[in-house]
Amino acid sequence: MTYTLTTPLYYVNDRAHLGSAYTTLACDAIARYRRLKGESVLFITGCDEHGQKIQRTAEAAGMSPQAHCDAISADYRALWERWQISNDRFIRTTDPRHQRIVEQFFARVEANGDITEGRQQGWYCVACEEFKDDPREAQDPECPIHRRPLEWRDEVNLFFRLSRYQDQIQALIQTPGFIAPESRRREVENFVAHGLRDFSISRVNLPWGIPVPGHQGHTFYVWFDALLGYITALLAAEDEPLLDTALARGWPASLHVIGKDILRFHAVYWPAMLLSAGLPLPAKVFGHGFLTREGQKMGKSLGNVLDPAVLLERCGTDAVRWYLLRDIPFGDDGDFQQQRFTDLVNNDLANTIGNLLNRTSSMARRWFDDGVPPGQDSTRSADSSHPLAVAATAACRTFEAALEQLDFRQAAEAALQLAIQANGYLNEQAPWSLMKREGTRDQVADDLYAVLESARIVGLLLAPLLPDLSSRMLLQLGQTPPQSLAAAAPDQPSPSSWVDQLRWGGLVPASTLPEPVPVMARLELTEDL
RNA sequence: GGCUCGGUAGCUCAGCUGGUUAGAGCGUGGGAUUCAUAACCCCAAGGUCGGGAGUUCAAGUCUCCCCCGAGCCA
């Protein structure tokens, strides 16, 4: 059973912003975690490239829509690569294979009697790509979101008979766990309770879209086409673009991670489309919150957008991942504050975790021949009752339970807590004092072994959240990172799985410890990002 | 305008079905220490729990009204 998870397919109207990076990083952590647990994972991201808005943006830039999409989607792809995102697929809705999938899907929906023709008359916002039901006044109505004039449309469109699925959708959103976080469910419930209305799935006179088969002049409405991208993305490189082939690769999705603003599309329209085509439904839709910056909405007009590429370049992947995952409750809105960002990164990663490894490794090397000290058998055994062994076991348990709930904060906190406990233990035992006395060498060996072991486990726990720092820590301990690269062969079970490695006692006494180099540099940001 | 979620120490947040002196981390101040990345460890100050009214022996925790923020629907 494959664990399929998706980011939204990002709209290529503009370049990637921090919000997309946030979503993608979170998904990456989930994907890495599930792979480490030994599950087969299909992590999907990509770009949504059709629609009038794209067409106009491209025109305004003096480009063809295709050239525009090529450029922006290449940006996305490159950005995720630099962020070390471990996605298995990158789908573009302009991929010719996507058209084939959409056609087949549409055929099923149409065969099921869910496509009707209807006249759509009203004010349209191109930025929203939506009809606005009831603009206040007829004179120069504008979109309340975009503050742009609405355009009058009067066209015959194809409609999807959403209304037929009222009961099924209502039941679906009652299913515990389908909409997450729980607090978002009510909003969707109310929307559905007002009665689902059929919605148009085609546009006329819009060349930049996928033609609707058998309906001259119609192209698919962007959302209809975009959502299906999740299915096209399932196709492996060598697969024929057949719907059934794609589905067999990993449908239904286990998780769609999206921003809270597009919950309705994913929790209502999308499941209804799938029901109509007779396909199974995704297990969970998670709507996370938005990021502000220093308390303000980020936007071009305010000139305060935080470019994820710049952020990465200046601060590194570990720092940003840590801040976003550790400090912002996944699901709630969050605020990016530079001071807090550097404080947290320096405190948690450099001072607490990095320095723990550095000081311990340094002592071990000095007094135990550049290697892991020979702790006593009882200290090294997997069922050791050493206080740090107990703490480590508890940390692992909390960590896993938290990630199962997509609670990155709690997971990060669990790893951090172990490092804090190890630092505290070190200060209590004060091996540097013990070493000045006679006959304490065994005690010191035990103490250092236990602290090094704790550091190893912290490093392992961080693997899904901060893959880079994790490997640096493990290398510093003379260990091999659990999976050296994201795309490890899925069918090949690694000799020692992550879960096995998490057991206490993995460090081999007398094995060599490399010369310690700080694994995490402090951030010294002299100017604003 | 309607709906949903949130408003708890300077900052980010915990506070389950109402019940002793409202908690944690960061930041700030002080102490201790030297193995370490001016790091680690310990201690302290800091809150009329957005505002108002009500229910109750008892409310951050329930009810109503208002204010602020975010999202959805208009």
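Proteins get letters first, then strands, A, B, ... in listed order; numbering begins at 1 in each. The structure displayed is predicted, hence computed values, not measured ones.
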Point to revise | B/C16 to B/U61 separation - C1' atoms, rounded to the nearest Å | key: 10 Å

Check your understanding: With both distances under 3.5 angstrom, what nucleotide forms a Watson-Crick or G-U wobble pair with B/U56?
Key -> none

Exercise for review: Indicate the atoms forming the closest heavy-atom contact of A/Ala272 with A/Ile169, along with that distance.
Suggested key: N-CD1, 3.7 Å

Review point. Does a side-chain N or O from A/Arg365 land closer than 4.0 Å to OP1 or OP2 of B/C35, or not?
Key: no

Check your understanding: Under 4.5 Å between any side-chain heavy atoms of A/Cys27 and A/Thr45, yes or no?
Key -> no

Point to revise | Sugar-phosphate only, base, or nothing, as touched by A/Pro329 at under 4.0 Å among non-hydrogen atoms | key: sugar-phosphate

Practice item. Please determine, for B/C3, whether a Watson-Crick or G-U wobble partner exists with both distances under 3.5 Å, and give it or none. Key: B/G71

Check your understanding: Base, sugar-phosphate, or nothing: which does A/Val519 touch, judged by heavy atoms less than 4.0 Å apart?
Key -> base

Study note, to complete from the structure: Between A/Ser362 and A/Phe191, whichever has its closest RNA chain B nucleotide further toward 5' is A/Ser362

Exercise for review: Counting heavy atoms from C-beta on, name the nucleotide in B/C35, B/C11, B/C5 closest to the side chain of A/Gln337.
Suggested key: B/C11

Exercise for review: Please determine, for B/C49, whether a Watson-Crick or G-U wobble partner exists with both distances under 3.5 Å, and give it or none.
Suggested key: none

Check your understanding: Can you tell me how far C1' of B/C26 sits from OH of A/Tyr323, to the nearest Å?
Key -> 11 Å

Revision key, fill the gap. In whole angstroms, the gap separating C1' of B/U12 from CD of A/Glu294 amounts to 13 Å

Practice item. Just call it for A/Met520: base, sugar-phosphate, or nothing, with non-hydrogen atoms closer than 4.0 Å on any strand. Key: base

Revision key, fill the gap. Looking only at heavy atoms, the pair that brings A/Gln479 and A/Gly506 closest together is NE2-O, 4.4 Å

Point to revise | side-chain contact (heavy atoms from CB on, under 4.5 Å) partner of A/Cys315, the single match among A/Tyr323, A/Trp322, A/Phe341 | key: A/Phe341

Review point. Does any nucleotide pair with B/A44 by Watson-Crick or G-U wobble geometry, both distances under 3.5 Å, and what is it?
Key: B/U28

Exercise for review: Verify whether the ring centers belonging to A/Tyr230 and A/His266 lie closer than 6.0 Å.
Suggested key: yes

Scan nucleotides 68-71 of chain B against the protein and return all N/O pairs shorter than 3.5 Å with their distances rounded to 0.1 Å.
from, atom 1, to, atom 2, distance (Å)
B/A70, O2', A/Lys260, NZ, 2.6
B/A70, O2', A/Asp333, OD2, 2.9
B/G71, OP1, A/Lys297, NZ, 2.9
B/G71, OP2, A/Lys297, NZ, 3.4

Review point. With no angle test and no hydrogens, is the base of B/A36 tied to the side chain of A/Asn355 by a donor-acceptor pair under 3.5 Å?
Key: yes

Review point. With rounding to whole Å, what would you report as the distance between B/A22 and B/C13 at their C1' atoms?
Key: 14 Å

Check your understanding: What is the distance from CG of A/Asp327 to P of B/C11, rounded to the nearest Å?
Key -> 14 Å

Exercise for review: Give a yes or no on whether a donor-acceptor pair under 3.5 Å exists between the nucleobase atoms of B/C40, that is its base, and the side chain of A/Asn427.
Suggested key: yes

Study note, to complete from the structure: Whole-Å distance, A/Ile328 CD1 to B/C11 P, equals 16 Å

Review point. Atom CD1 of A/Ile353 to atom P of B/U37: distance rounded to whole Å?
Key: 17 Å

Review point. Between B/U37, B/C41, B/C3, which nucleotide has the shortest distance from any of its atoms to the side chain of A/Asn190?
Key: B/C3

Review point. If you measure from the C1' atom in B/U20 to the same atom in B/C57, how many Å do you get, rounded?
Key: 15 Å

Check your understanding: Any idea which of B/A14, B/C35, B/C41 is nearest the A/Arg359 side chain?
Key -> B/C35

Review point. Which listed nucleotide (B/U37, B/C13, B/G25) is nearest to the side chain of A/Arg340?
Key: B/G25

Practice item. Determine which nucleotide pairs with B/U21, using a 3.5 Å limit on both distances of a Watson-Crick or G-U wobble pair. Key: none

**Study point:** A/Arg321 bridged to A/Asp468 by N-O distance under 4.0 Å
**Key:** no

Practice item. Find the distance A/Gln339:CD to B/C11:P and express it as a whole number of Å. Key: 14 Å

Check your understanding: Would you say a side-chain N or O of A/Asn423 is under 4.0 Å from OP1 or OP2 of B/A39?
Key -> no

Exercise for review: Mind checking A/Arg522 for me? I need base, sugar-phosphate or nothing, with any heavy atom below 4.0 Å counting as a touch.
Suggested key: base

Practice item. For A/Arg409, report the nucleic acid contact type (base, sugar-phosphate, nothing); a contact means any heavy atom under 4.0 Å. Key: sugar-phosphate

Review point. For A/Lys284, which residues count as a salt bridge (charged side-chain N to carboxylate O under 4.0 Å, His left out) partner, sequence neighbours excluded?
Key: none

Check your understanding: Are any of A/Arg184's side-chain N or O atoms less than 4.0 Å away from OP1 or OP2 of B/U4?
Key -> no

Practice item. Establish, yes or no, whether a centroid distance under 6.0 Å links the rings of A/Phe220 and A/His50. Key: no

Review point. So A/Phe199 and A/Tyr269, would you call those rings parallel, tilted or perpendicular, with 30° and 60° as cut-offs?
Key: parallel

Review point. What integer number of Å spans the P atoms of B/A24 and B/G1?
Key: 42 Å

**Study point:** Side chain of A/Pro518 - closest among B/A14, B/U37, B/U33
**Key:** B/U37

Point to revise | Between B/G51 and B/U8 - C1' atom distance, rounded Å | key: 15 Å

Exercise for review: In whole angstrom, give the distance that lies between atom CG of A/Leu357 and atom C1' of B/C35.
Suggested key: 13 Å

Practice item. Would you mind reading off the distance between A/Asp407 atom CG and B/A14 atom P, rounded to a whole angstrom? Key: 10 Å

Practice item. In whole angstrom, give me the gap between the C1' atoms of B/G19 and B/A9. Key: 23 Å

Check your understanding: If we only count heavy atoms from C-beta on, is the A/Phe224 to A/Leu228 side-chain gap below 4.5 Å?
Key -> yes

Check your understanding: In whole Å, what separates the P atom of B/C40 from that of B/C26?
Key -> 9 Å

**Study point:** Upstream residue (5' side of RNA chain B) when A/Asn346 and A/Ala350 are each assigned their closest nucleotide
**Key:** A/Ala350

Practice item. Could you give the distance separating B/G27 and B/A44 at their C1' atoms, to the nearest angstrom? Key: 14 Å

Review point. Considering residues, nucleotides and ligands other than A/Arg314, do more than 12 of their heavy atoms fall under 6.0 Å from its CZ?
Key: yes

Study note, to complete from the structure: Given the 90°-from-0 boundary between syn and anti, B/G46 should be labelled syn

**Study point:** Proximal nucleotide (of B/C5, B/C40, B/U12) relative to the A/Ser183 side chain
**Key:** B/C5

